[in-house]
Novice: 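I'd like to ask you about the structure that follows.
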Amino acid sequence: MIDSLDRLFLERAVELAERGMFGVAENPRVGCILVRDGEVIGRGWHARTGGLHAEANAIADAGGDVAGATAYVSLEPCCHTGRQPPCTKALIDRGVARVVGAMDDPDPRVAGRGYETLRAGGVAVDTTNLSTALHLNAGYVSRVTRDAPYVRVKLGASLDGRTGMASGESQWITSAAARADVQYWRARSSAIVTGVGTVLADDPALTVRDGRFAADGHLRQPLVAIADSRNRTPPCAKVFQGAEVLLFAAERGERVDLGQMLKALAARGCNEVLVEAGPTLAGAFLRERLWDEAIVYVAPKLLGRTARPLAEIEFERLADTVGGRVAACDRIGDDVRVILKPDCPS
């Protein structure tokens, strides 16, 4: 049974997991707290992909002496060998008496086997499904269960829903504060998706530059995936100066299959994807219901009816339109940031 004190420690474990927000791209974000006789003796989190897991870091933080302790973990401990040995073995070998888990691991290599392994090793196990833990690893769960990353579409527009003038002039519609806020969403993403039209028109770098999002002193750069049906991306584009770049050409017809693109990114371990694109590609993601969140920055400006639209979408019936619900609304500088979730989850 899990009591109120257990839930308190589990929430703290989730908070520790958040410290791996910007360093973990392919793995889940995990935190662990070790408690003995009511006292916290060790804390750990998974800081970077390929590095020590949260449980191992917590054991090290406790100096290795964790016999009889309770381990509060934000995710079911792994029971297979990957880049690191199984955490279940470390917990059993070190004499941990009890494990309390905030959520099950959907990875078929774990999926309950982690808890079963612990019980077989003499460790008492209690579990629950903590909403904060599930929310933190929504991208990981999406990749493992749907073979697709968690997709956020970033949009910036004026009050009348325009993204640029008819002439093509589009820079700095939103405020500096909004542009700085985008750094957070990039930093937590495994990949940035854009279109060749954006590359040709704006030549963006699409990099993480804000030092606040460094992990162990290192700014991890998400890979850049470019939808380029006719291979028009110039070799001198700024995106090639930052992170790894993947070009996706049309497999059939004239357009890139976005669903297959997302499957390919998931196969590379991408948990969260941020779409930063023009109205055509952004509209395609929205129209095809290939989005989990839309992050819309609204600037207090009017650009007029001839300016370019937020998304290139056409509907004949109201029933076919893209709908969403407001999950959050915040002021960012002079702009408003609205986070939408689809009416019908993708």
Side-chain angles (χ1 to χ4, degrees), residues 16-30 45-51 135-140 142-143 149-156 170-196 198-199 201-227 233 236-248 261-262 265-266 268-278 281-282 285 291-297 328 330 332-333 335 337 339:
L16 282 177
E18 291 176 355
R19 298 190 184 186
M21 179 76 75
F22 310 115
V24 177
E26 301 170 16
N27 300 88
R29 297 156 181 149
V30 186
W45 62 93
H46 186 37
R48 295 186 65 179
T49 298
H135 178 73
L136 182 63
N137 277 313
Y140 171 71
S142 176
R143 175 174 66 82
Y150 190 91
V151 178
R152 295 182 176 92
V153 179
K154 188 271 289 184
L155 302 162
S170 63
Q171 283 194 318
W172 317 142
I173 291 176
T174 54
S175 66
R179 296 193 296 275
D181 190 63
V182 173
Q183 286 282 300
Y184 165 82
W185 300 105
R186 283 185 189 173
R188 68 175 292 165
S189 299
S190 304
I192 309 297
V193 172
T194 194
V196 64
T198 296
V199 175
D202 301 332
D203 194 21
L206 298 177
T207 53
V208 179
R209 300 178 296 275
D210 193 326
R212 292 177 300 167
F213 307 125
D216 294 337
H218 172 73
L219 276 175
R220 179 189 60 82
Q221 297 298 335
L223 67 86
V224 176
I226 303 175
T233 302
C236 59
K238 288 180 182 176
V239 291
F240 291 109
Q241 301 172 17
E244 179 183 5
V245 178
L246 298 178
L247 298 178
F248 288 85
M261 182 186 197
L262 292 177
L265 291 174
R268 294 179 65 92
C270 293
N271 291 331
E272 298 181 11
V273 161
L274 180 66
V275 179
E276 293 195 59
L281 185 59
F285 271 95
W291 61 290
D292 299 288
E293 284 184 10
I295 305 168
V296 187
Y297 296 91
D330 299 283
I332 307 293
D335 304 325
R337 183 189 67 199
I339 297 181

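What's counted below: heavy atoms across the whole structure, side chains too, no hydrogens, waters or symmetry copies. What you see is a predicted model; the values in this text were computed from it and never measured.
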Novice: Grab the two heavy atoms, one from Ser190 and one from Ala25, that are nearest each other, plus how far apart they are.
Specialist: OG-O, 2.9 Å
Novice: Under a 4.5 Å cut-off applied to non-hydrogen side-chain atoms, are Trp291 and Val275 in contact?
Specialist: no
Novice: If you compare all heavy atoms of Thr207 against all heavy atoms of Arg186, which two are closest, and at what distance to 0.1 Å?
Specialist: O-NH1, 2.8 Å
Novice: Quick one, Lys154 and Trp185 - any side-chain contact, counting heavy atoms below 4.5 Å?
Specialist: no
Novice: For the side-chain contact (heavy atoms from CB on, under 4.5 Å) test, which of Arg143, Glu244, Glu26 pairs with Arg268?
Specialist: Glu244
Novice: Measure from the side-chain N and O atoms of Asp335 to the backbone N and O of Ser175, and report whether any donor-acceptor pair falls under 3.5 Å.
Specialist: yes
Novice: In Å and rounded to the nearest 0.5 Å, what is the CG to NE2 distance from Asn27 to His46?
Specialist: 3.5 Å
Novice: Check whether any side-chain N or O of Arg220 sits under 3.5 Å from a backbone N or O of Ala187 as a donor-acceptor pair, and report yes or no.
Specialist: yes
Novice: Just by modelled atom types, is the Thr174 backbone N or O under 3.5 Å from a matching donor or acceptor in the Arg179 side chain?
Specialist: yes
Novice: Any non-hydrogen side-chain atom of Thr233 less than 4.5 Å from a side-chain atom of Phe240?
Specialist: yes
Novice: How many angstroms lie between CD1 in Ile332 and CG in Asp181, if you round to the nearest 0.5 Å?
Specialist: 4.5 Å
Novice: Would you say Phe22 and Tyr184 make side-chain contact, with heavy atoms under 4.5 Å?
Specialist: yes
Novice: Please round to the nearest 0.5 Å and tell me the distance separating atom CG of Leu16 and atom CZ of Arg29.
Specialist: 14.5 Å
Novice: Can a donor-acceptor pair be found, under 3.5 Å and without considering hydrogens, that links the side chain of Asp210 to the backbone of Arg212?
Specialist: yes
Novice: For Ala277, is there any backbone N or O sitting under 3.5 Å from a side-chain donor or acceptor partner on Thr198?
Specialist: no
Novice: With the side chain counted from C-beta on, respond yes when Ser142 and Val151 share a heavy-atom pair under 4.5 Å apart, and no when they do not.
Specialist: no
Novice: In Å, rounded to the nearest 0.5 Å, how long is the span from CG of Leu274 to OG1 of Thr194?
Specialist: 10.0 Å
Novice: To the nearest 0.5 angstrom, please state how far the CZ atom of Arg152 sits from the CD1 atom of Ile192.
Specialist: 10.5 Å
Novice: Answer whether the closest heavy-atom distance between the side chains of Leu219 and Arg209 falls below 4.5 Å.
Specialist: no
Novice: Give a yes or no on whether the backbone of Arg337 and the side-chain of Asp330 come within a donor-acceptor separation of less than 3.5 Å.
Specialist: no
Novice: Any idea which heavy atoms bring Ile226 and Gly195 closest together, and the distance?
Specialist: CG2-C, 4.0 Å
Novice: Any side-chain heavy-atom pair from Leu136 and Glu18 closer than 4.5 angstrom?
Specialist: yes
Novice: If you look at every heavy atom in Thr49 and Val24, which pair is closest and at what distance?
Specialist: OG1-CA, 3.6 Å
Novice: Using modelled atom types only, decide if a donor and an acceptor are shared between the side chain of Gln221 and the backbone of Gly242 within a distance under 3.5 Å.
Specialist: no
Novice: Hey, is the main chain of Ala237 close enough, under 3.5 Å, to the side chain of Asp203 for a donor-acceptor pair?
Specialist: no
Novice: A side-chain contact here means heavy atoms from C-beta on lying under 4.5 Å apart; do Leu246 and Leu265 qualify?
Specialist: yes
Novice: Are any side-chain N or O atoms of Asn271 and backbone N or O atoms of Tyr150, one a donor and one an acceptor, separated by less than 3.5 Å?
Specialist: no
Novice: Minimum heavy-atom separation for Ala282 and Leu155, please, with both atom names.
Specialist: CB-CD2, 3.8 Å
Novice: Where is the tightest heavy-atom contact between Pro149 and Cys270, given as atom of each residue plus distance?
Specialist: CB-O, 3.5 Å
